[in-house]
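Before any comments, here is the structure.
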Amino acid sequence: MSESKSGGEIPDISGKIVGSGAGDGPDAALLFERAGLDEGRIQNIVGGALQGCDDGELFMEYSQSESLVLDDGRIKSANFDTNQGFGLRAVAGEQTGYAHASELNEAAIARASGAVQAVRAGHGGTMSEAPLATNQNLYPDDNPLGEVSFADKVQLLGEVDSYARGRDARVRQVTVSLHGQWQAVEIMRADGRRIRDIRPLVRLNVAVVLGEGDRQESGSHGVGDRIGFSRYIESANWQAQVDEAMRQAEVNLSSVPAPAGEMQVVLGPGWPGILLHEAIGHGLEGDFNRKQTSAFAGLLGERVASPGVTVVDDGSIDGRRGSLSIDDEGTPTECTTLIEDGILKGYMQDRLNARLMGMATTGNGRRQSFAHMPMPRMTNTFMRAGNQDPAEILASVKNGIYAVNFGGGQVDITSGKFVFSCTEAYQVQGGKIGAPVKGATLIGNGPDVLTKVGGIGNDLALDTGVGTCGKSGQGVPVGVGQPTLLLNGLTVGGTAV
C-alpha cells in the first residue's frame, strides 16, 4: 500500500510503538495487529516455507516519509508518503528465493511462501541459529515526524531563505530541503521468534549560489541524524548550516585552477572519510571477498595499510545516520574492527556470506526496503584517530593540496581504483595553506593509498549526517569519518594549464 499527499498534518498511525531488539510480549504486535494478521497462522506459513532451508525470514515494514523543498523563495514540493509491505526470503546453500508485496495480509504471504519454496528443491539444510537477543534500543518508540507542524516546517524554510539572502547581496539562488522518515520493521524467523526495530531519520540541507559579474559558484551543507525535527527549528542550528554553505560558495568564488600531478594530499577530518568508505570500505564487505572479487580477498592477517591505520565499522553509535539497533536480518549491530594498526582483521558480514565463509555475522545485513534482499553493507565506517597535531601535518607538506570536502566519485571494487572530485580544496606550499583550487580530482587505488599514509591526526570527526550509500541498486543511510590524514604521493587531476 502506498499513499501520497501534499501539505497538511502528519497522521498519528500508532502512538507508542514496539521497542527495539528481540523478545516477545503484547507490545510486539504492531505490524501484525495493524494488518489483522493471526500470529500463529503466519508462523505456520513461514515455518513451512523455510523447512529444509539454511536460513531465511519474513521481513515486514511500515514507514512514513515527508519531504519539503523550497527553491528561490517558493515551495517547490511538499510530499508525505506511507508505505508498507513484506519480503519473504528462503536461503538454500548459495541460492536465495525472494518474494515481496506492498500489502500485509495472510493471502499475500501464503503466495510468497509458494514462490520461495522452489529454491529448496533437492536441498536438505538445517536452519542457521537465530541472531542473539539484544536489549539494545537506540531510538524511542514515538513517531517524530508530527512533533513539528507542517506550517512551522514551511516557515523554517522561508526563514532559511531570508537569512541567506539578507547575509549577502551576491546571493542568486537558495535551495532548502527538509526530509524525514520514520520506519518500523519486524522480522519473523522460522521458529516464530520475532525481532523488531524503530528507525527515525531526519536531514536538513542548504545550497546557495553566489555571483560576481559573470561568475557563479555554489556551496552546500547539510546535517542529519536519527531524531525528530525539533532540533532543526532552532535558529542556531539552521543558521549554522546556512553560514557554512555561504562560506563554501565564497571560497569557490575565489578559487583558481587546480594543479595536476603526483603530490602530497592532506585530507581534512569528517566528511573526507567518504573516500575511505568508497575506495576501501566496499572492498571489505563479505560478499566481494567470498566471491574473490575484492582487492582485499584472501588477505586476512596480512598488512594492508601503514602502521597506525585502524578502520572500524560501528552501527551501534546512538543517533548516527548509519546506526541501527538491529540490522535488517535481526542481528544486533556492533563495532567491527576491519583493519587494526595496518593489519586486515575482518570483513563486514551479513548472515548468508558469514555462513558460507565460516565466519561470524557482524550486523551488516542491510536492505533498502521490504522489496529488496539484504546484503553486506556499511553502517558508520571510519578511521580512528592518531596522535599527531593536524597543524604539524599540514606544516610538513612542501607541495600539495588540502582537500576539505568531496563530491561524487567512482570506484572499481575489484581493482580498488578510484576517482574523486574535490568540492573544497586548497594549495599547500612550504607548509602554508594557500589559495583555494577548483576542479581537483584525486586518482588512486584504495589498497595502495592505505600504504601511503604518512600522518594521522588526533582530530577524528564523523560527518554531519548526510551520507547515502548505493550498491546493487539499493540505497541505505550511512556515516563516514576520519581524522586529518596525510597521503604521500597521490595523483591529482587538475585544471591548470
Side-chain angles (χ1 to χ4, degrees), residues 6-7 66-79 148-180 202-225 229-258 268 270-272 274 401-408 421-427 433-441 461 463-468 495:
S6 297
E66 183 181 27
S67 176
L68 294 89
V69 179
L70 181 144
D71 188 34
D72 269 350
R74 296 184 177 183
I75 296 295
K76 183 178 181 180
S77 65
N79 299 299
V148 176
S149 71
F150 179 79
D152 286 342
K153 293 166 189 169
V154 172
Q155 180 179 340
L156 167 65
L157 300 188
E159 289 177 350
V160 171
D161 181 84
S162 298
Y163 177 76
R165 294 180 185 279
R167 276 202 53 197
D168 197 318
R170 296 174 297 172
V171 172
R172 297 188 178 177
Q173 184 176 9
V174 179
T175 304
V176 192
S177 61
L178 186 64
H179 305 281
V202 172
R203 174 177 173 176
L204 170 69
N205 196 77
V206 180
V208 298
V209 175
L210 297 184
E212 286 183 347
D214 294 333
R215 182 171 183 177
Q216 294 188 150
E217 297 290 349
S218 62
S220 65
H221 195 253
V223 64
D225 48 29
F229 283 117
S230 297
R231 179 182 299 178
Y232 302 95
I233 298 297
E234 300 171 4
S235 59
N237 192 312
W238 61 258
Q239 286 179 5
Q241 316 318 316
V242 177
D243 294 344
E244 177 59 19
M246 296 282 286
R247 185 197 65 79
Q248 290 186 27
E250 289 175 325
V251 166
N252 290 331
L253 273 177
S254 61
S255 62
V256 299
W271 179 247
I274 188 65
I401 67 168
Y402 177 39
V404 179
N405 277 303
F406 286 93
S421 61
C422 302
T423 57
E424 182 182 357
Y426 302 84
Q427 291 179 325
I433 297 177
V437 296
K438 181 178 176 63
T441 58
D463 73 288
T464 57
V466 297
T468 297
T495 53

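In this structure, K438 and N252 have side chains that are not in contact, with every pair of non-hydrogen atoms separated by 4.5 Å or more. The side-chain heavy atoms of L178 and L157, taken from C-beta on, include a pair separated by under 4.5 Å. Side-chain contact between S177 and S67 is absent, with no heavy-atom pair separated by less than 4.5 Å. Taking the side chain as every heavy atom from C-beta outward, P272 and V404 never approach each other to under 4.5 Å. R231 places none of its side-chain heavy atoms less than 4.5 Å from the side chain of V202. In this structure, C422 and F406 have side chains that are in contact, with non-hydrogen atoms separated by less than 4.5 Å. Taking the side chain as every heavy atom from C-beta outward, E424 and R247 approach each other to under 4.5 Å. Annotation: side chain of V160 is in contact with side chain of L156 (closest heavy-atom distance under 4.5 Å).
Going from atom CD of Q248 over to atom OG1 of T423 covers 6.0 Å, rounded to the nearest 0.5 Å. Here the straight-line distance linking atom CD of Q155 with atom OG of S162 works out to 10.0 Å at 0.5 Å rounding. Taken to the nearest 0.5 Å, the CD atom of Q239 stands 11.5 Å off from the CD atom of E234. The line from CD of E250 to CG of D243 is 9.5 Å long, rounded to the nearest 0.5 Å. Interatomic distance, Q173 CD to D72 CG, rounded to the nearest 0.5 Å: 5.0 Å. The line from NE2 of H221 to CG of L204 is 10.5 Å long, rounded to the nearest 0.5 Å.
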Passes side chain to side chain contact (heavy atoms under 4.5 Å, CB included), W238 versus V206? Steps please.
CA-CA 9 Å; W238 61 258; V206 180; over 6 Å; no
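Not one N or O on the side chain of R203 forms a donor-acceptor pair closer than 3.5 Å with the backbone of G465. With hydrogens and angles ignored, the 3.5 Å screen pairs a side-chain donor or acceptor of T464 with a backbone N or O of G222.
Considering every non-hydrogen atom in both P436 and S254, the closest pair reads CG-OG, 3.5 Å. Of all non-hydrogen atoms in H179 and F229, the two that sit nearest each other are O-CE2, 3.8 Å. Across all their heavy atoms, S421 and T441 have their closest contact at CA-CG2, 4.1 Å. Across all non-hydrogen atoms, the minimal contact from V171 to M246 is CG2-CE, 3.8 Å. Nearest heavy atom pair, residue V208 against residue A164, reads CG1-CB, 4.4 Å. Scanning both residues, L68 and K153, for their nearest heavy atoms gives CD2-CB, 4.2 Å.
Taking 4.0 Å as the cut-off between side-chain N and carboxylate O, R74 and D161 do not count as a salt-bridged pair.
A donor-acceptor contact under 3.5 angstrom links the side chains of Q241 and N237, judged on distance only.
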